[in-house]
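To find a chain, count down the sequence lines: A is the first, B the second, and so on, and within it residues start at 1.
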Protein chains: 2
Amino acid sequence: MSIRDDMLAIGQKAREASRALSAASGTAKADALNALADLLESETEAIRQANAEDLKAAEARGLDKARLQRLTISDKVLGSMIQGCREVAAMSDPVGEIESMVKRPNGMLVGKMRVPLGVIAMIYESRPNATIDAGILCLKAGNAVILRGGSEAFHSNKCLAGLMHRALESAGLPREAVQTPPTTDREAVAELLSLEEYIDVVIPRGGEGLIRAVTEQARMPVLKHYKGVCHTFVDETADLAKALPVIENAKMQYPSGCNALECLLVHRSVAGEFLPGVAAQLGPKGVSFKACPESLPLLGGYAEGAAPEDWGYEFLDLVMAVRVVADMDEAMEHIARYGSNHTEAILTESQSRAMRFIREVDASLVVANATTRFNDGAQLGLGAEIGISTSKLHAYGPMGVKELTSTKFVLLGDWQIRE
Amino acid sequence: MSIRDDMLAIGQKAREASRALSAASGTAKADALNALADLLESETEAIRQANAEDLKAAEARGLDKARLQRLTISDKVLGSMIQGCREVAAMSDPVGEIESMVKRPNGMLVGKMRVPLGVIAMIYESRPNATIDAGILCLKAGNAVILRGGSEAFHSNKCLAGLMHRALESAGLPREAVQTPPTTDREAVAELLSLEEYIDVVIPRGGEGLIRAVTEQARMPVLKHYKGVCHTFVDETADLAKALPVIENAKMQYPSGCNALECLLVHRSVAGEFLPGVAAQLGPKGVSFKACPESLPLLGGYAEGAAPEDWGYEFLDLVMAVRVVADMDEAMEHIARYGSNHTEAILTESQSRAMRFIREVDASLVVANATTRFNDGAQLGLGAEIGISTSKLHAYGPMGVKELTSTKFVLLGDWQIRE
């Protein structure tokens, strides 16, 4: 069989499984999710071995630190996978739900019933927990999913997909609801992206290059973000003592995350007081700064002058651009020009400025007085997430179970006709 | 200036206007909508003259009856335009609304704020009321819109767009919020569809050929339905006396509408009783039937044998396919195979069959015991609509003001960091 035939078969099986899944009971889906949590607990050793195999190969190939970090299934990552399964299992089944039915003047009842999207293809890079996140969210939402992970996580993903098959079958659901192409070949991806008849939506997750390639090739809609160039604006009214740990957290807690802080904007009237403290706190911990001419002398030996391309750049590392701005308008202009519609934050004690920033800044999450790192499905209360969308159609921000569904109109009539 | 430069300028002005409109107050938008209603009332004569000019040219070019009907701005059409403006003006402003804010365990508040999509391009054919429907809905939702109507409605659309400009300016809003390209050239459409930087979403409305061409060319997302092949299944438990007027309404009230009934499916056990009545009632009024072998002898002189291509065909005329089915399963299989995910109906007195049909049939509106003609924004309570989507991403069914917006996450924190 050719790769084309292989992918076609995967698409057809996914479509078929999606019909079964869309009619599956909430109980069966919850049973599968709880069974998966149990398997992730009982098969920890097998998961560790598979992941170690991938990590060894990746180190030998010289993968950079950020990518190795993403590839690692640590105790913490595994624990959050298990917790994710149980949390998603416990959520109410969204499929078939009607939020409200309105009675029209002629007496008929009109409502919107939640339905699955159908078949979802995930194309993603190293992070193997995406395999579980995507699998469980698609299952809960009644969708079949095709998971095409990166070659560097091949053994980890194969192991995790095997556990999902066991969990599905234990609940009487088709194992084809979760499929992993037997190859990580690029041609296989191209073939998948041409199957508009069998795949309803594609979600790429990974580096900007991967996402652009998927978007260009896909014949079906793509839910995505290219990159996360996140800013935090420290207003003149900010409580600077409280602002410092927020900036440190946003930059350092997980520098390779798409919601990590990349560029700090500081109001001129507090720059002299605030920035030396930022340098003193973050510099010794390894952060270096790309600074505008005004901030450069305030950041001590940890800074160098920013080049034009440093504005709007996603460092994904312990590097942060810093710019002094005249006021909030200049900060918002900078964000409009260089931001990526991902996560933007203001630190301020002024209620009116906080509300204006929140209203006017165009990003999937706009934050007042907290770390940008909160742009994450679990943190925002969606349960696990399948990715973050930075375009406004269908979903804007983290995508959880609800974002993997749609609604159809339903009408309960009493033999009404239209006049 | 080349057509490319013209369209680029339109796109840039639209993007700029969309920023002003996204920040416009609800009052300003309502003022513009009420001003437009007043202008539609006071300028009736000018509208009539412009429309008459288009109709005369269309008749001379031999446009078919269905298209002439769509082109006509009758008293009824004008009245519903005016009513639409006032209704949409009276609706609460969706932009900036936060449905609820949830308190997360760490004390931060998380909600979703409704925001405009940005710039919308409408590409549509003869129906000039789409100009008003699209204009007022985009305005209410805070979007700029580029309206590219068909050449056959050129004078009507120009007149209506002029009224919209006057209404916008009277409320202090930029006239560029509604733009109509100065040409109905095909090249102009191709250029528009390449402006992904300036146009966020395209909504084509018209014949299947137009919609396919737009979908293939567009670099931005497209919200659309290709066609409306709507079925009604008359179950064995249906009240046949009540079913007859529903079928007549679905087929005859507006045969060129996308929600008109195209194929009647009748349960075998009531076909002999029901179908002769259908023929006797609809036949003399001009309806002809494309019948399956079993229904053919029951439909008298008004029927001919259906060809294979009559199943799944959108007649948009006083023609209806008729098929006898063994049971509801066969009816649902027929719909899954030949339907267009637009509008599907069941007529039944069985509650369990009604609910199963509603759950399992995949269409943007699923109806129990009413006419398919209700798949319309105004009828379903959305106010005016900009079109109907038959794909599930972003919107499924009629698209009103809410469907022309998105939501962004907002977070009100108290200096929280992520652990």
**Q.** Any residue of residues 411-419 of chain B which, by heavy atoms, sits under 4.5 Å from chain A
**A.** Leu411(B), Leu412(B), Gly413(B), Asp414(B), Trp415(B), Gln416(B), Ile417(B), Arg418(B), Glu419(B)
Q | Arg359(A) portion near chain B, given a 4.5 angstrom heavy-atom threshold | A | both
Q: Counting only heavy atoms closer than 4.5 Å, note whether Arg104(B) contacts chain A via side chain, backbone, both or neither.
A: side chain
Q. Among Val95(A), Leu109(A), Asp200(A), Asp239(A), which residue forms the greatest number of heavy-atom pairs with chain B at distances under 4.5 Å?
A. Asp239(A)
Q: Could you grab the distance from atom OG of Ser22(B) to atom CD of Glu360(A), nearest 0.5 Å is fine?
A: 7.5 Å
Q) Which region of Asp376(B), side chain (C-beta onward) or backbone (N, CA, C, O), has a non-hydrogen atom less than 4.5 Å from a non-hydrogen atom of chain A, or is it both or neither? A) side chain
**Q.** Region of Ala238(A) in contact with chain B, defined by heavy-atom distances below 4.5 Å
**A.** both
Q: Name the option with the most non-hydrogen atom pairs under 4.5 Å to chain B; the candidates are Val110(A), Ile358(A), Thr405(A), Thr372(A).
A: Ile358(A)
Q | Heavy-atom check, side chain of Leu117(A) versus side chain of Tyr396(B), under 4.5 Å | A | no
Q | Lys408(A) and Lys392(B), any side-chain heavy atoms less than 4.5 Å apart | A | no
(Q) Given heavy-atom pairs under 4.5 angstrom as the criterion, report whether the side chain, backbone, both or neither of Val222(A) touches chain B. (A) neither
Q | Top contributor to chain B interface from Gly381(A), Gly96(A), Gly397(A) [non-hydrogen pairs under 4.5 Å] | A | Gly381(A)
Q. Non-hydrogen atoms of chain B under 4.5 Å away: do they reach the side chain of Pro105(A), the backbone, both or neither?
A. neither
(Q) With a sphere of 6.0 Å drawn around CD of Glu16(B), does it hold more than 12 non-hydrogen atoms of other residues, nucleotides or ligands? (A) no
Q. With chain A, which of Leu393(B), Val410(B), Thr371(B) has the greatest number of heavy-atom pairs at distances under 4.5 Å?
A. Leu393(B)
Q: Please say whether more than 12 non-hydrogen atoms of neighbouring residues, nucleotides or ligands are located less than 6.0 Å from CD in Glu349(B).
A: yes
Q. Of Thr343(A), Leu382(A), Asn375(A), Ile388(A), which is the lone residue that meets side-chain contact (heavy atoms from CB on, under 4.5 Å) with Phe409(B)?
A. Leu382(A)
Q) What part of Gln379(A) gets closer than 4.5 Å to chain B, counting heavy atoms only: side chain, backbone, both or neither? A) both
Q) Tell me, side chain or backbone of Ser389(A) under 4.5 Å from chain B's heavy atoms, or both, or neither? A) neither
**Q.** Portion of Thr348(B) that has a non-hydrogen atom of chain A nearer than 4.5 angstrom
**A.** backbone
(Q) Checking an interface table here. Which of residues 362-370 of chain B come within a heavy-atom distance under 4.5 Å of chain A? (A) Ala363(B), Ser364(B), Leu365(B), Val366(B), Val367(B), Ala368(B), Asn369(B), Ala370(B)
Q. What part of Val246(A) is in contact with chain B, defined as an atom under 4.5 angstrom from a non-hydrogen atom: side chain, backbone, both or neither?
A. both
